[in-house]
Amino acid sequence: MIRSLKILLIIALPLLAFLNTLENTFVYDDVFTITDNYFIRDWGNFTAFFTDDYFKYSGEVTFRPVVTLSYFIDYSLWHLNPAGFHLTNILLHAVNVLLVYLLVSAVSRSRTASFLTSILFALHPILTEAVNGISYREDLLATTFFLGSALLFIQSAIVRLSAHDKVRNPQSKIRNYLYPLSLFSYLLALCSKEVAITLPLIIFLLDWLLGDKSRIKKNTIKYYIGFILVSGFYLFLRFVWFHNPVEKQLTYPDNSFLVNLLTMPKIFCSYIKLLFFPIHFNAEYIIAHTKTSFAATFILSIIFMSVIGVITYRFYNHSKRLFFFMLWFFVTLAPMMNIIPIANIMAERYLYLPSVGFCAILAYISIGIWRQVYVFIFFENTPHPNPLPQGERELLPILPPSSDDHSTSTPPLMEGMGEGDKFPSSFVSKRFLGISHLFKTVLITCLVLILVIPYSLATIKRNKIWINPFIFWSKTVEDSPESSRAHNNLGMIYLQKDKTDLAIREFQASIAIEPDPEYHHNLGMVYQKKGMKEEALQEYYRVLAVNPNSALTHNNMGNILIDKGRFDEGILKFKEAIRLKPNYYDAHYNLGLAYFKKGLLDASIGEFELAIHYEPDHAEAHSCLGTAYANKGQFDKAILEIEEAIRQKPNYPNAYKNLGLIYLNYKKDIQKALYCFNEFLRLDPKNSEAPMVKKTLEGLQASH
């Protein structure tokens, strides 16, 4: 009963702590992976998972099909409702919390250690980025399948040994499935994020530290080989079959491996600080590169890492379980230490999987402190009729015990005190047993509350930063004024809000920090919006000089050229944008408008139909397609398309005007024409065409 309540609590806590994320919109990279990603909106695109087109359409830089598949499912359920996507992230985090509880329980055999670890993992504020960022779901999914694979392997080992020792076990019937399922879960973890490549080493450490060392050689041939083969298959997919050429653009800091080597110790120490003191978070960490081994930051970082190394070694002699969780942290963090260049050399989301080890260590330390207090109160300061001899007091475990003596008949990970959270009753006099039990309960409750309350409050507060892009990027610019990306993204928000002067300021600030082609493109967009066409073209030319494959830039240049009356040049730009990005809605739509203006109605209709194919919920495309049909004399088709536009966008004045003209001039339906003209005037009475429509309306009313 108590265990069931614990499980309910550890599932409920992350749901409650992240409940306010359901109010959040799409933020950060979500615009590329979700809102502007037409790929996930059509299950017919699923076949592209197995071609080079995956990178072109998915928005992913590396091969992560499991993550992309989750977006397909979410879009099928929620379309572009961000609450649904956030709900999926919350549920995945809750599942991971439960898996952490089960894994630590299997490793530690301590109910308190597993319970406390799962609570810390559920609520630690450092994990808010991974849970809030829809685009960072890869960390959640990789952890889900990583933990699942480890648990399945542990269970398969127990079942195998039970069968070997001829112990009757009802699970023996499924022993043939547990190991393959573990391998399959490992493959899914790899196809979620590359960090899962560390699982085989974690599996080996489980056997080496907590299992029977005599079976390691046998397991290497029979069981480890499966993980090695899956790893090899994934590496082939990752670096040969589905290798993205864009990755070549990622380089080490200052394009130097030595600078990277000198900088990463500082980042490692920063991670440790954030885990112990989860304050001053930042979505864009600006790390000054260390260029010499004589730099103070490098020397201090090496000293700190040496201290951590000594502590880890002491853990090996004191508790194999603590040593295992320390290695878990180091091993799972290693791929994120820029060994192979990554886009961000430091990010909070990188700590999602490593934090499992950290939370277990913190739980053990907290339990150790609690036991020291317990021993001090009941065996040092409290007189009782049968005090323990000094020698026996030294035998009391400060941390959950770990037995290193194993027999071949005992399954790995099953050794140690079964009641990992209790003192032997012989150590406590019956006179004080009731008092000590009550004190223990109160102390554990206080210990949990001391950790839960500040973590929960910090997590809930941090979630609010992700509520919308404006708040998020304003806060990020405040925290990292030297971040070119933060200035650029804030500029995009100002551009969307029609605050063009503020947008120009932010884009210019980002270019001053880093003259990235993307920032020049965005500055060109705001110039274009202000009517500064020549300035916009100059920015676009700067973009194409560095990145000639920018479909967005070609599209925007096409619009300027059309506005300047250079139709043929503009059409060529739209065609180039479509060649680079075949499912680019804007380019198809704009090309359709260009053909319409040139009187090429058939070509115009074809482009509008393609635009609707890629984004069927776009009312403007339906309206334009209806207008093109009307100009070809296909009035029934025209009415259907314009009515669809009005259905999608009921406050669409131009659609009502065009529909009214069709009913009046071609269908001779005066009543419907009157209704459409009245709706047009109601919705947009200041429209430049309103006087003409009023005059037409008055004439119709006078004749009837």
Determine whether a donor-acceptor pair (N or O, by modelled atom type, separation under 3.5 Å) exists between the side chain of [X] and the backbone of [Y].
X: Asn468; Y: Ile471; answer: yes
X: Asn132; Y: Thr128; answer: yes
X: Ser484; Y: Ala509; answer: no
X: Thr696; Y: Met692; answer: yes
X: His554; Y: Leu572; answer: no
X: His86; Y: Leu19; answer: no
X: Asn338; Y: Ile342; answer: yes
X: Gln634; Y: Tyr629; answer: no
X: Lys193; Y: Leu190; answer: no
X: Asp684; Y: Phe680; answer: no

Would you find more than 12 non-hydrogen atoms of other residues, nucleotides or ligands less than 6.0 Å from [X] atom [atom1]?
X: Glu514; atom1: CD; value: yes
X: Lys529; atom1: NZ; value: yes
X: Tyr285; atom1: OH; value: yes

Which atom pair, heavy atoms only, marks the closest approach of [X] to [Y]?
X: Ser623; Y: Ile642; answer: O-CG1, 4.1 Å
X: Lys632; Y: Ile605; answer: CD-CD1, 3.6 Å
X: Ala48; Y: Phe39; answer: CB-CE1, 3.6 Å
X: Phe145; Y: Val66; answer: CE1-CG1, 3.9 Å
X: Ala577; Y: Ala587; answer: CB-CB, 4.0 Å
X: Leu15; Y: Ala94; answer: CD2-CB, 4.0 Å

Heavy atoms, side chains only, cut-off 4.5 Å: are Phe677 and Leu661 in contact? yes

[X]-[Y] side chain donor-acceptor pair, cut-off 3.5 Å:
X: Thr553; Y: Ser550; result: yes
X: Tyr540; Y: Gln528; result: yes
X: Asn20; Y: Asn463; result: yes
X: Glu615; Y: Tyr38; result: yes

Check the angle between the aromatic planes of [X] and [Y] and answer parallel, tilted or perpendicular using the 30° and 60° thresholds.
X: Phe635; Y: Tyr666; answer: parallel
X: Tyr54; Y: Phe49; answer: perpendicular
X: Trp43; Y: Phe72; answer: tilted
X: Phe470; Y: Tyr494; answer: perpendicular
X: Trp241; Y: Phe236; answer: tilted
X: Phe85; Y: Phe26; answer: perpendicular
X: His618; Y: Tyr589; answer: tilted

When the aromatic ring centroids of His487 and Phe507 are compared, is their separation below 6.0 Å? no

Residues [X], [Y]: salt bridge by 4.0 Å N-O rule:
X: Glu620; Y: Lys649; result: yes
X: Asp30; Y: Arg137; result: no
X: Asp617; Y: Arg41; result: no
X: Glu534; Y: Lys564; result: yes
X: Lys573; Y: Glu576; result: no

Going through the distances and angles, do Tyr584 and Tyr614 end up as a side chain to side chain contact (heavy atoms under 4.5 Å, CB included)? CA-CA 8 Å; Tyr584 190 6; Tyr614 292 120; over 6 Å; no

Could you walk me through whether Ile134 and Tyr28 pass the side chain to side chain contact (heavy atoms under 4.5 Å, CB included) test, one step at a time? CA-CA 9 Å; Ile134 306 300; Tyr28 213 154; over 6 Å; no

I would like to know whether Lys695 and Glu698 meet salt bridge (Lys or Arg N to Asp or Glu O under 4.0 Å); could you show each step before the answer? CA-CA 5 Å; Lys695 187 175 180 180; Glu698 290 170 357; over 6 Å; no

Side chain to side chain contact (heavy atoms under 4.5 Å, CB included) between Leu140 and Asn96, worked out: CA-CA 8 Å; Leu140 303 178; Asn96 289 339; 4.3 Å; yes

Under the side chain to side chain contact (heavy atoms under 4.5 Å, CB included) rule, what do Val526 and Glu506 come out as? Steps first, then yes or no, please. CA-CA 11 Å; Val526 71; Glu506 295 299 331; over 6 Å; no

